[in-house]
Structure formats: C-alpha cells, structure tokens
Amino acid sequence: YWLVISSRTQTIAKTLQTMAQKKENYKITTGYKFKFRANCIIRTEQKEWINGNWNKVNKRKLENLKDNTTKGQLSKKSKSKLKSSINWLIIAANKKNVKSLKYNQIFKFKINFITLTIPPQENEIIQEKKFKTILNTWLTYQRKYSKLNNYVWKIEKHKDNRLHIHILTDTFIHHRNIRNSWNTILKRNGLLELHCKKYENYDPNSTDIHSIKKVKKVAAYVVKYMAKSNEKDSLYNGRVWSCSSKLSAVLNNCLEVSPDVLREFTEPLYKKEIEFDYISTPPNEFGNSFIVAEIYFLKIKDWIKLKGSMVYDFFKELIYNLRPESGSSKQISFEYSI
C-alpha cells in the first residue's frame with residue numbers, strides 16, 4: 001500500500017518537474033469568483049499560472065491600454081458596465097414621498113431622467129473637456145445641496161455638434177433647482193451671452209426633466225437608449241459616460257469562494273425557477289468553443305426566495321451600500337423587477 005502511494009508521489013513530482021523545465025504556462029483552479037449584477041450572477045473559475053508567466057492574451061490587453069481615446073464609441077465592455085450601472089441604480093431606488101408646493105399634494109418619486117445642454121454660441125463649439133468641467137461643477141453643487149445620491153451620465157451630440165448630457169438619478173431635484181443651478185454655472189463661464197443678446201435674459205430652456213413613474217416598463221428602454229453608441233467623432237477625446245462613486249464600487253464587486261464551500265454557496269441557485277446558462281468563447285479556427293463562465297439569471301422574486309443564503313446576504317449588502325439611508329436599517333425591500 002505504501003509502495004503504491006510512494007510510486008504515485010514520485011510520478012506527480014516528475015510531472016511537475018517536467019512542466020517546470022519546459023517553462024510552459026499551466027493553470028490550476030484555486031477557487032471561484034462570483035460577480036453580482038442586478039439581474040444575474042456570473043461564476044468563473046479563479047486560476048493561477050504555475051510558472052507565473054503572462055500569456056499572449058495578457059500582453060495584447062496591455063497593448064490595448066495604450067490607446068484610450070474613445071472618439072465617442074462604446075466598447076462591448078463599456079456598454080455592459082453602463083447597462084449594469086443603470087440596472088443597479090434602478091433596482092436600489094426606493095419610492096419617496098415628495099410634496100408638490102404648487103398643487104399641495106404628495107406624489108411618489110423613484111427615478112429622474114435629466115438632460116443638460118448648452119445654448120448655441122456665437123463662434124465656438126464647446127469641447128468635451130470644457131463641457132465635463134461644467135458638468136462636474138453642477139454635480140458637486142447637487143451633491144452638496146440636494147444630497148445627490150446615485151447617478152449615471154452619458155454625453156451625446158446634437159446635429160449641430162453641440163454636446164448634451166443625459167443623467168439618470170434616484171434623487172429628487174426640483175426642476176427649477178436644476179435649471180437655475182445649471183444656468184448659473186453657464187453664466188459664470190460666459191456661455192449665456194449670445195442668448196442674453198437675443199432674448200434679454202439669462203434663463204434659457206437648457207434643461208429637460210422627466211420623472212419616471214412606471215420603472216418596470218421604462219427600465220429596458222432607458223438602458224437601451226443610454227447604451228446606444230455615438231457615431232465615431234474626433235470631438236470626443238475621453239470617456240463618454242460615468243457614474244457615481246457608490247455605483248462604481250458596486251460594479252466592481254467580486255466575491256471569492258473557496259472550493260470547500262462552493263457547494264454550500266451555489267446550492268440555493270439550483271432551483272428550477274432560476275434560469276441557468278454557460279458563457280462560451282467565440283468559435284476558433286477549428287470551430288471549437290470553450291466554456292469560460294456560468295451565469296444565473298435572477299428576477300426580484302428569485303432574489304427573495306434566496307433569503308437566508310450567503311448569496312442573498314451578499315446581494316443585500318450591495319443594495320444597502322447604494323441607498324442614501326445606509327447606516328440606519330439594513331432591511332431591504334423590492335417593489336418591481338427589471
């Protein structure tokens with residue numbers, strides 16, 4: 001018996017020695033990574049190279065980082081992150097009671113869709129860098145005075161080459177507040193002079209606000225609308241979209257699970273109600289594809305059924321971190337599905 005074990009040990013040792021001598025890259029599975037999105041969970045294997053060498057794929061990724069100009073285009077990965085940020089914002093948004101001073105009534109609010117634009121200029125097209133500087137000033141003001149919480153913005157271009165910004169947020173801001181604060185910033189930057197010459201005021205209709213009430217029906221439309229790619233244009237130099245810091249943190253969530261607790265962690269996901277699929281690579285020159293990940297699609301009712309599991313606890317923590325009332329109660333409630 002001991003001779004058999006000794007023989008196997010020697011065989012394994014010789015194999016590892018041969019692998020090291022060839023200096024080839026060999027992967028071993030050391031654990032599993034779970035990436036949570038608002039409507040799904042993606043599971044990948046966590047692998048390490050025995051020799052610690054970079055493969056050709058990693059070298060290509062490093063080369064791609066050297067060219068970071070988007071020219072208005074959204075890469076496949078950027079589109080995925082943009083959609084994910086919108087879905088997280090929508091799923092974490094709570095209904096709020098807001099009082100209308102004009103009608104002296106209470107109404108329900110959940111999501112705002114805001115558009116900010118700059119009026120036509122006499123001899124100038126506002127470049128993207130300057131536009132983003134003005135936008136950042138407005139966002140800083142709203143974070144300070146309106147307690148702006150989660151938001152996603154995307155920059156687009158009018159037919160006359162003027163840029164405008166779409167913003168989706170879970171914070172109620174009165175339409176006069178939005179317009180007055182935006183126009184004040186434009187005036188300070190000298191961008192309302194032409195409008196004043198024509199109309200003798202510094203109050204152009206430079207904003208557009210829509211309160212989204214039926215989130216369930218509108219969510220898919222908003223995702224599709226904001227994730228559409230701009231036409232390639234040298235007017236764009238940097239990134240064309242971004243989100244608040246809390247959303248950015250949730251987008252980068254990753255839960256590492258060791259092999260010894262994998263079964264306990266994934267068992268609640270093996271329900272007939274939860275749709276399951278594989279993510280594979282595109283076919284190579286021989287027509288072969290390889291599985292790189294597993295994906296579990298979850299609706300709100302599916303998340304609720306996972307209560308008491310490690311999966312639900314981690315998801316609940318992500319939602320809690322997105323809500324402005326973080327620090328009071330960790331009780332999570334959902335009222336709609338994506």
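These numbers come from the heavy atoms of this one structure, side chains and all, not from hydrogens, waters or symmetry mates. None of these values were measured; they are calculated from a predicted model.
- Note: N112 CG to I178 CD1 = 5.5 Å, rounded to the nearest 0.5 Å.
- Taking NE2 of H164 as the reference point, atom CD of E156 lies at 4.5 Å (rounded to 0.5 Å).
- When each of I167, D208, T207, I209 is tested with T115 by the rule side-chain contact (heavy atoms from CB on, under 4.5 Å), just one qualifies, namely D208.
- For R176, the CZ atom sits in a packed shell: over 12 heavy atoms of surrounding residues, nucleotides or ligands are nearer than 6.0 Å.
- Each side chain to side chain donor-acceptor pair (under 3.5 Å) pair with one or both residues in residues 277-290, not counting sequence neighbours, would appear here, but there are none.
- Here CG of L116 is found 7.5 Å from CD1 of I165. Values are rounded to the nearest 0.5 Å.
- The salt bridge (charged side-chain N to carboxylate O under 4.0 Å, His left out) test applied to D260 returns no partner, not counting sequence neighbours.
- Closest approach of S244 to N149, counting heavy atoms only: CB-O, 3.7 Å.
- Cluster membership for L255 and I279, using ILVMFWY side-chain heavy atoms within less than 4.5 angstrom, is not shared.
- Side-chain heavy atoms closer than 4.5 Å link hydrophobic residues (I, L, V, M, F, W, Y) into clusters, and following such links, possibly through other members, connects L318 to V257.
- With D160 as the partner, the side-chain hydrogen bond (donor to acceptor under 3.5 Å, both in side chains) test is satisfied by one option alone out of K157, H158, R162: R162.
- A pairwise comparison of heavy atoms in Y312 and L306 identifies CB-O, 3.1 Å as the closest pair.
- Taking the centre of each ring, F34 and F314 stay at or above the 6.0 Å mark.
- Annotation for V240 and W153: closest pair O-CZ3, 3.5 Å, computed over non-hydrogen atoms.
- Y202 and L186 fall within a single hydrophobic cluster, where Ile, Leu, Val, Met, Phe, Trp and Tyr side chains are chained together by heavy-atom contacts under 4.5 Å.
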Using the rule given for side-chain hydrogen bond (donor to acceptor under 3.5 Å, both in side chains), can you reason through D203 versus H195, listing the C-alpha separation, both sets of side-chain angles and the distance that settles it, and then say yes or no? CA-CA 9 Å; D203 189 32; H195 176 85; over 6 Å; no

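- Sorted by first then second residue, the side chain to side chain donor-acceptor pair (under 3.5 Å) pairs that include residues 129-143, not counting sequence neighbours, are E128-K132, W138-S181, T140-R143, Q142-S146, Q142-N177, Q142-S181, R143-Y151.
- Each of F276 and I295 belongs to its own hydrophobic cluster when Ile, Leu, Val, Met, Phe, Trp and Tyr are linked at side-chain heavy-atom distances under 4.5 angstrom.
- Here the shortest heavy-atom pairing between I91 and R323 reads O-NH2, 3.9 Å.
- Following chains of ILVMFWY side-chain contacts shorter than 4.5 Å, one cannot reach I173 starting from I106, and the two form parts of different hydrophobic clusters.
- A cation-pi contact, defined as under 6.0 Å to the ring centre and within 45° of the axis, links R43 to Y32.
- Checked options H166, H175, H210; the residue passing with F113 is H166 (criterion: ring-ring contact (aromatic ring centres under 6.0 Å, His included)).
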Where do K301 and E273 land on the salt bridge (charged side-chain N to carboxylate O under 4.0 Å, His left out) test, with the steps shown first? CA-CA 10 Å; K301 60 182 181 181; E273 301 89 353; over 6 Å; no

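- Minimum interatomic distance between P204 and N183 (heavy atoms only, all atoms of both residues): O-ND2, 3.1 Å.
- Minimum heavy-atom separation, N150 to T169: O-OG1, 2.9 Å.
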